[in-house]
Amino acid sequence: MNKTKLKYDITKNAAPKMPKLGKGTECVQLLLSQVSKDMHEPLVPMLFPILGAQVSGTEFQYPDLSWKESCGMMANLVADSGCNKGQLGNLVEAICRNFREHDEKELEKLVEWQKQIKSKSANKEKPVRPDVSFWFPPADVTNAAFILNAMGCENLGERTQYLNLPEVEMADRMCGGHKQISQMLRNIYDRQRSGALRATADGVTGNPVLRANLTISSTPYAARKFYKNELFNGTFGRMVFSYKARMGRDGRIPRQGKYDEAFYKKLDEYIVKLSICKGRFIIKPLNKLTDQLAQDMATLADLTDDDVFWDISKRSIVSAWKAGCLLWVLNNQTWTKSIGELVEWLVYHDLWSKAQLFADLLNQDADSVSEAQRRGPKNLLDDLPNPFNEAQLEALRISQGKTKEGTKNQLYKWVYRKFITYCNQTGLYTKTQEYLTGSPGAKVKSEMK
């Protein structure tokens with residue numbers, strides 16, 4: 001079995017460093033050109049749900065042979081108050097200028113309809129409400145309005161509605177209350193029907209397919225409070241997290257650029273590429289990378305013996321894969337090495353963000369971000385001497401809250417993956433040269449292999 005070398009180490013407090021944006025990622029470079037440097041890495045994962053909403057009538061084949069649309073993309077930007085999260089709103093408005101123009105025309109239809117209703121006497125037949133679809137509805141949309149708009153989007157071209165929620169608590173209103181958060185977000189991610197059938201004549205009657213993309217901003221405290229009860233039902237794993245840790249007190253105000261006509265002209269060229277992309281596509285280099293990422297996550301799970309992060313990683317890969325589909329379209333349906341490097345980074349950055357924010361909650365521990373940062377997934381093999389015996393691993397597992405009984409299975413996996421070898425004469429396990437020179441957590445490589 002060939003050894004797998006992981007590029008990033010998510011067991012550290014430092015964020016995985018984003019690769020240099022090269023050929024094929026020019027759209028991302030353009031969008032970051034007016035953003036302060038401290039927000040480059042945190043904002044990159046947030047771009048793809050916005051860009052994905054520009055695509056309709058398009059499907060891509062995942063390695064499991066299922067066909068997926070670019071809807072259902074959700075990302076949550078997490079940073080302390082005053083850490084420049086507001087720059088996301090500037091990017092949203094820049095990318096969604098065409099959405100605003102479309103929605104103004106749709107609103108005019110509703111205003112005219114309401115005027116006609118008011119002009120009719122009580123015994124006159126009222127005009128039927130026109131079919132409208134808002135592509136960029138307000139952040140404070142109610143659940144009924146969200147479902148009604150989903151019906152309009154489905155009937156008028158199966159479009160994706162995009163919402164940007166400046167506070168994570170606003171999702172409660174959209175979903176119809178916090179108790180409905182889990183079901184609604186899972187249905188959005190999986191492109192399921194809403195199940196919104198009403199018994200009253202005045203209620204919203206319909207069961208549309210939920211095509212929606214979301215971006216959310218929140219502080220660490222608000223995020224932890226909001227998702228605390230959603231960690232193990234599939235909701236948490238479906239959300240991409242982008243965490244910006246608190247920076248040093250350097251006394252400098254980050255500088256932003258200006259969104260001028262030259263910027264918008266270039267951006268519109270990319271938006272057109274997304275809007276005209278129609279049909280079904282299979283991106284073989286992306287799917288090959290996705291298969292490799294799945295193997296990498298299995299390796300990481302074996303090194304850390306962490307089933308929770310193994311489960312979460314599966315949807316992190318899907319979310320990054322969708323981003324790869326969009327990058328491929330933006331690059332004239334051409335694959336590049338730089339696109340692959342960015343897709344790979346997105347997976348690790350999502351997992352690192354979740355570890356920094358929620359690791360203690362996933363382990364049912366104390367309620368503080370600092371504790372979470374100390375209890376992220378740990379590379380157990382890195383923490384052992386070389387050579388070591390079974391008793392030492394057993395003691396380390398117990399100290400990490402893992403079971404004594406899992407020690408032999410852990411050793412079996414490490415031997416199978418050629419991370420270690422066993423000597424019958426001494427009863428000791430020795431780390432292989434392969435592991436020491438290129439395995440995850442021990443020697444993190446800076447270049448794609």
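Note that the structure is a prediction, hence the values are computed from the model and not measured. Computed from heavy atoms alone, side chains included, the values below leave out hydrogens, waters and symmetry copies.
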Do NZ/NE/NH1/NH2 and the carboxylate oxygens of D38 and K244 come within less than 4.0 Å?
yes
Ignoring hydrogens, what is the shortest heavy-atom contact between C153 and S133? Give both atom names and the distance.
N-CB, 3.6 Å
Which of W321, F281, W335 passes ring pair (Phe, Tyr, Trp, His ring centres under 6.0 Å) with W328? It is F281
May I have the step-by-step check of side-chain contact (heavy atoms from CB on, under 4.5 Å) for L351 and S313, ending in yes or no?
CA-CA 7 Å; L351 292 175; S313 71; 3.9 Å; yes
With rounding to the nearest 0.5 Å, note down the distance linking CZ in F358 to CZ in F309.
10.0 Å
Between CG of L31 and CD1 of I50, what distance do you get to the nearest 0.5 Å?
8.0 Å
Give a yes or no on whether R246 atom CZ has more than 12 heavy-atom contacts from other residues, nucleotides or ligands under 6.0 Å away.
no
Is the terminal nitrogen or CZ of K68 (NZ for Lys, CZ for Arg) located under 6.0 angstrom from the six-membered ring centre of Y62 and within 45° of that ring's axis?
yes
Checking the side chain of Q161 only, and the main-chain atoms of F134 only, is there a donor and an acceptor separated by less than 3.5 Å?
no
Salt bridge present between R97 and D268 (N-O < 4.0 angstrom):
yes
Just by modelled atom types, is the G72 backbone N or O under 3.5 Å from a matching donor or acceptor in the N213 side chain?
yes
Go through the steps for H102 and F136 under the test ring-ring contact (aromatic ring centres under 6.0 Å, His included), then give the verdict.
CA-CA 9 Å; H102 169 271; F136 188 13; over 10 Å; no
Closest approach of N84 and M39, non-hydrogen atoms and distance?
O-CE, 3.5 Å
With a 4.0 Å cut-off, would you call R186 and D190 a salt bridge?
no
Check whether any side-chain heavy atom of L267 lies under 4.5 Å from a side-chain heavy atom of L30, and answer yes or no.
yes
Any donor-acceptor pair under 3.5 Å linking the side chain of W135 with the backbone of A53?
no
For the residue pair N76 and Y227, confirm or rule out a side-chain donor-acceptor distance under 3.5 Å.
yes
So, E108 and K105, do they make that salt bridge, N to O below 4.0 Å?
no
Testing the 3.5 Å rule here: is there a donor-acceptor pair between the side chains of E167 and S218?
no
N-O pairing of E69 and R191 below 4.0 Å:
yes
Does K354 count as lying over the ring of F236, i.e. NZ or CZ under 6.0 Å from the six-ring centre, within 45 degrees of the axis?
yes
Answer with yes or no whether the side chains of E230 and N233 bring together a donor and an acceptor at under 3.5 Å.
yes
Take M239 and Y189 through the test side-chain contact (heavy atoms from CB on, under 4.5 Å) and record every step on the way to the result.
CA-CA 9 Å; M239 182 69 67; Y189 182 91; over 6 Å; no
Check W310 against A294 and note the closest heavy-atom contact, atom names and distance.
CZ3-O, 4.0 Å
Side-chain donor-acceptor pair present, Q61, N287, cut-off under 3.5 Å:
no
Do T299 and Q295 have a side chain donor and acceptor closer than 3.5 Å?
no
Spacing of CD belonging to Q29 relative to NZ belonging to K266, to within rounding of 0.5 Å
11.0 Å
Short question: side chain of Q34, backbone of K258 - any donor-acceptor pair under 3.5 Å?
yes
Give a yes or no on whether the backbone of S81 and the side-chain of T219 come within a donor-acceptor separation of less than 3.5 Å.
no
Tell me, yes or no, whether the heavy-atom count around E169 atom CD, taken from other residues, nucleotides or ligands under 6.0 Å, exceeds 12.
yes
Under 3.5 Å, is there a donor-acceptor pair linking the side chains of S182 and T235?
yes
Give, for atom CD of E269 and atom CG of L330, the distance between the pair rounded to the nearest 0.5 Å.
12.0 Å
I'd like to know if the side chain of E154 and the backbone of V209 have a donor-acceptor N/O pair within less than 3.5 Å.
yes
Under a plain distance cut-off of 3.5 Å, with no hydrogens placed, do Q180 and D172 share a side-chain donor-acceptor pair?
no
Count the heavy atoms of every other residue, nucleotide or ligand shown that sit under 6.0 Å from NZ of K115, and state whether that count exceeds 12.
no
Got a donor-acceptor contact below 3.5 angstrom from the T142 side chain to the A145 backbone?
yes
To the nearest 0.5 Å, atom CG of L91 lies from atom CE of M46 at 10.5 Å
Are E112 and K109 within salt-bridge range, i.e. N to O under 4.0 Å?
no
Considering all heavy atoms of both residues, which atom of P220 and which atom of L357 are nearest to each other, and what is their separation?
CB-CD2, 3.9 Å
I would like to know whether F99 and Y162 meet ring-ring contact (aromatic ring centres under 6.0 Å, His included); could you show each step before the answer?
CA-CA 9 Å; F99 285 6; Y162 164 70; 7.1 Å; no
Mutual orientation of the aromatic rings belonging to Y348 and Y8 [parallel < 30°, tilted 30-60°, perpendicular > 60°]:
tilted
Without swapping roles, check the side chain of D80 against the backbone of C83 for a donor-acceptor pair under 3.5 Å.
no
S56 and K278: side-chain donor and acceptor closer than 3.5 Å?
yes
Parallel, tilted or perpendicular: which fits the ring planes of Y259 and F263, with parallel below 30° and perpendicular above 60°?
perpendicular
Do the side-chain N and O atoms of T215 and N164 include a donor-acceptor pair separated by under 3.5 angstrom?
yes
Looking only at side-chain N and O atoms, does D64 offer a donor or acceptor that is under 3.5 Å from a partner on S66?
yes
Begin from the C-alpha positions of V78 and S242 and carry the test side-chain contact (heavy atoms from CB on, under 4.5 Å) through to its verdict.
CA-CA 6 Å; V78 184; S242 184; over 6 Å; no
Roughly how far apart are K23 NZ and T334 OG1, rounded to 0.5 Å?
8.0 Å
Ignoring hydrogens and geometry, is there a side-chain-to-backbone donor-acceptor pair from R193 to N207 under 3.5 Å?
yes
Treating K413 as the side-chain partner and D302 as the backbone partner, does any N or O pair qualify as donor plus acceptor under 3.5 Å?
no
Within a radius of less than 6.0 Å around CD of E26, do more than 12 heavy atoms belonging to other residues, nucleotides or ligands occur?
yes
Check whether more than 12 heavy atoms from other residues, nucleotides or ligands sit under 6.0 Å from atom NZ of K225, and answer yes or no.
no
